[in-house]
Asks: 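Got a structure here, written out as structure tokens. Questions coming.
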Amino acid sequence: MIKFSKKYNSLFNFILGILGGILISLCIIFISVGNPKELVEFLKNYNIIKRYYYRDVSDKELFEGALKGMTKSLNDPYSIFLNKDEYSALLQETNGEYSGVGIILGKNKNEDIVVMGVLENSSAKQNGILNGDIILEVNRKSIDKNDLSQVASKIRGKAGTEVFLTVKRNGIEKEIKLERKDINLPTVKSNMATDTIGYIHIYSFGTRTSDEVKSALSDLKSKGAKKFIIDLRMNPGGIIDSVVDVSNQFLHEGTVVSYCPKNGNEKIYKIDGVKTFYPIVVLIDKYSASASEIFAGAVQDKKEGIVIGEKSFGKGTVQSIITNSDGTALKVSIAEYKTAKGRKIDKIGIEPDEKVEQKGEIFNFETDSVYKRAVEILNNEP
């Protein structure tokens, strides 16, 4: 009988432990995969690329590419893999903190990407960017006007760096050099529409939006506002908790939204609501999506206001962000949400209570037909 020394016994046990761990891990992976054969084929092809591809390629590149391919195969534009920079940019956008030039972008009736707002003390303000300027190029490259978020992403960048914007104003093209700076982007803008009507424009539903709405409401009420216009046009949505908190400042108690994730229990968002109700008119358009549609849907379902404008975008799914240890993340659609009364609106949208064609310049109070109609409606409210 062969006997091993203590030294070799320890080494043998160590190796056996590692092999056992690997075997257990492989068993878990194979059990969790619906079709283990597909996983084997994937690993086989990964090995072929590593072995035969003519230039060096890192495991990181290959695995990130594979993850992007997996999410793309879902045919869901909201389920995506985010690398470190993309995830960081998403967090900045959600928190309203980023490096850029200080402009708010939207679209005009011709589907051009235009400047809808210029922040005070921003690089854009200092260099003469104006509301209504049409964005033609970023860094002397033509933009895809069908992809608003991509254009915004190209304009943003590290603080201290420069970006060149080519804009069109009154038919004349002009290139403007801007320096990117750190910016705290407000998600809410407000003013008095009349002596008794307050106007609140919500750009998106971020982490600070509820507090900003609360501050705007307090300010407008102190100036005599007893009725409110809530403008959600060109609002792409945001955080579900944020829109629920905003709803809590305008609507009576009850359900705002709900969803049921795969293999999970139904999640129902309820609010205590307000005791004193103020008449409201909500403005939506075809770019109002996600959280904007949750709010508009709750107003309709609870019959606590009037929704006007045009049919909304129709994004009725909820995403969850799962972070990885390397700073990357997966954003995955986990459920289809339902409005307060149980309506599903994904790829359907919210139909306004009153359709109002957009005439004049959007957000220009002198010519904006939807805004002016909202004022008319509230003027007729007691």
Side-chain angles (χ1 to χ4, degrees), residues 96 102-104 106 115-122 125 130-132 183-235 238 242-253 271-285 288 291-292 295-296 298-299 302-309 353-354 356 358 360-382:
I103 56 176
I104 297 167
V115 177
M116 292 294 180
V118 181
L119 301 183
E120 292 296 328
N121 303 316
S122 67
K125 185 78 170 180
L130 300 177
N131 285 357
I183 291 171
N184 289 321
L185 180 67
T187 60
V188 174
K189 182 179 179 180
S190 64
N191 58 265
M192 293 295 290
T194 71
D195 290 341
T196 59
I197 299 174
Y199 171 82
I200 299 176
H201 183 181
I202 304 176
Y203 299 116
S204 64
F205 288 93
T207 55
R208 300 198 305 255
T209 304
S210 179
D211 288 337
E212 290 178 28
V213 168
K214 184 177 181 180
S215 177
L217 268 176
S218 177
D219 177 60
L220 294 173
K221 287 177 182 177
S222 71
K223 294 175 180 176
K226 294 178 172 53
K227 312 165 190 179
F228 296 94
I229 298 169
I230 313 299
D231 199 339
L232 302 180
R233 291 174 296 175
M234 295 194 183
N235 182 325
S242 177
V243 69
V244 171
D245 288 343
V246 170
S247 300
N248 194 43
Q249 299 182 52
F250 291 99
L251 307 177
H252 288 124
E253 67 176 325
I271 57 173
D272 294 329
V274 296
K275 305 304 178 187
T276 303
F277 177 74
Y278 295 93
I280 61 174
V281 175
V282 180
L283 316 186
I284 61 172
D285 64 8
S288 303
S292 295
F295 185 86
V299 170
K302 295 165 78 65
K303 301 186 187 305
E304 295 186 12
I306 299 172
V307 178
I308 71 171
D353 299 311
E354 180 181 325
V356 181
Q358 180 65 59
E361 183 183 344
I362 188 172
F363 307 129
N364 181 327
F365 300 149
E366 298 298 322
T367 62
D368 188 337
S369 59
V370 183
Y371 168 84
K372 292 170 79 173
R373 177 58 185 146
V375 172
E376 286 178 10
I377 292 171
L378 290 175
N379 274 334
N380 291 325
E381 287 282 333

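Hydrogens, waters and symmetry mates are skipped; everything else that's a heavy atom, side chains included, is used.
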Asks: Please report the shortest heavy-atom distance between Met234 and Met116, naming the atom on each side.
Replies: CE-CE, 3.6 Å

Asks: A side-chain contact here means heavy atoms from C-beta on lying under 4.5 Å apart; do Leu217 and Phe250 qualify?
Replies: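 They are in side-chain contact.
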
Asks: Kindly indicate, with the supporting measurements, whether the criterion side chain to side chain contact (heavy atoms under 4.5 Å, CB included) is fulfilled by Ile308 and Leu283.
Replies: CA-CA 5 Å; Ile308 71 171; Leu283 316 186; 3.4 Å; yes

Asks: Using the salt bridge (charged side-chain N to carboxylate O under 4.0 Å, His left out) criterion, which residues pair with Glu253? Sequence neighbours excluded.
Replies: none

Asks: Once salt bridge (charged side-chain N to carboxylate O under 4.0 Å, His left out) is applied, do any residues pair with Asp285, and if so which ones, sequence neighbours excluded?
Replies: none

Asks: Taking C-beta and beyond as the side chain, do Ile271 and Val244 meet within less than 4.5 Å on heavy atoms?
Replies: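 Side-chain contact under 4.5 Å: yes.
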
Asks: Go through the structure and list residues passing side chain to side chain contact (heavy atoms under 4.5 Å, CB included) with Asp195, not counting sequence neighbours.
Replies: none

Asks: Which heavy atom in Asp353 sits nearest to a heavy atom in Gly305, and how many Å separate them?
Replies: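 So the minimum-distance heavy-atom pair works out to OD2-O, 4.1 Å.
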
Asks: What pairs of donor and acceptor atoms, side-chain ones from residues 208-216 against any protein atom, are under 3.5 angstrom apart with sequence neighbours left out?
Replies:
unit_1 : atom_1 : unit_2 : atom_2 : d
Arg208 : NH1    : Asn95  : O      : 2.9
Arg208 : NH2    : Leu185 : O      : 3.4
Thr209 : OG1    : Thr187 : OG1    : 2.8
Thr209 : OG1    : Ser204 : O      : 3.2
Thr209 : OG1    : Gly206 : N      : 2.7
Thr209 : OG1    : Gly206 : O      : 3.4
Ser210 : OG     : Gln249 : NE2    : 3.1
Glu212 : OE1    : Thr187 : N      : 2.8
Glu212 : OE1    : Thr187 : OG1    : 3.1
Glu212 : OE1    : Val188 : N      : 3.0

Asks: If we only count heavy atoms from C-beta on, is the Pro186 to Leu119 side-chain gap below 4.5 Å?
Replies: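 In contact.
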
Asks: Looking at every heavy atom in both Tyr203 and Asn235, which two are closest together, and how far apart are they?
Replies: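 Closest approach of Tyr203 to Asn235, heavy atoms only: O-CG, 3.2 Å.
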
Asks: Sequence neighbours left out, what passes salt bridge (charged side-chain N to carboxylate O under 4.0 Å, His left out) with Lys125? Give chain and number order.
Replies: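 Counting only residues at least two positions away or on another chain, Lys125 forms a salt bridge (charged side-chain N to carboxylate O under 4.0 Å, His left out) with Glu120.
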
Asks: When you check the side-chain N and O atoms of Asp231 and Tyr199, is any donor under 3.5 Å from an acceptor?
Replies: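 The criterion, which ignores hydrogens and geometry beyond distance, is satisfied for Tyr199 and Asp231.
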
Asks: Would you say the side chain of Phe363 lies within less than 4.5 Å of the side chain of Ile104, judging by non-hydrogen atoms?
Replies: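 With C-beta onward as the side chain, the pair stays apart.
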
Asks: Evaluate the criterion side chain to side chain contact (heavy atoms under 4.5 Å, CB included) for residue pair Val115 and Leu130; output intermediate values, then yes/no.
Replies: CA-CA 7 Å; Val115 177; Leu130 300 177; over 6 Å; no

Asks: Kindly indicate, with the supporting measurements, whether the criterion side chain to side chain contact (heavy atoms under 4.5 Å, CB included) is fulfilled by Gln358 and Asp368.
Replies: CA-CA 7 Å; Gln358 180 65 59; Asp368 188 337; 3.1 Å; yes

Asks: Tell me which donor-acceptor pairs under 3.5 Å the side chains of residues 218-230 have, and how far apart each pair is, sequence neighbours excluded?
Replies:
unit_1 : atom_1 : unit_2 : atom_2 : d
Asp219 : OD2    : Lys223 : NZ     : 3.2
Ser222 : OG     : Asp219 : O      : 2.5
Lys227 : NZ     : Leu378 : O      : 2.8
Lys227 : NZ     : Glu381 : O      : 2.7

Asks: Taking the side chain as C-beta and beyond, is there a heavy-atom pair between Arg233 and Tyr371 under 4.5 Å?
Replies: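 In contact.
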
Asks: If every non-hydrogen atom of Val281 is compared with every non-hydrogen atom of Ile377, which pair is closest and at what distance?
Replies: CG2-CG2, 3.9 Å

Asks: With a 6.0 Å cut-off (strictly less than), is the heavy-atom count around CD of Glu376, excluding the residue itself, greater than 12?
Replies: yes

Asks: For a 4.5 angstrom cut-off between non-hydrogen side-chain atoms, does Ile284 reach Phe295?
Replies: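 Ile284 does not reach Phe295 side chain to side chain.
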
Asks: Can you name the closest pair of heavy atoms from Ile280 and Glu304 and give their distance?
Replies: CG1-O, 3.4 Å

Asks: For a 4.5 angstrom cut-off between non-hydrogen side-chain atoms, does Val274 reach Leu251?
Replies: no

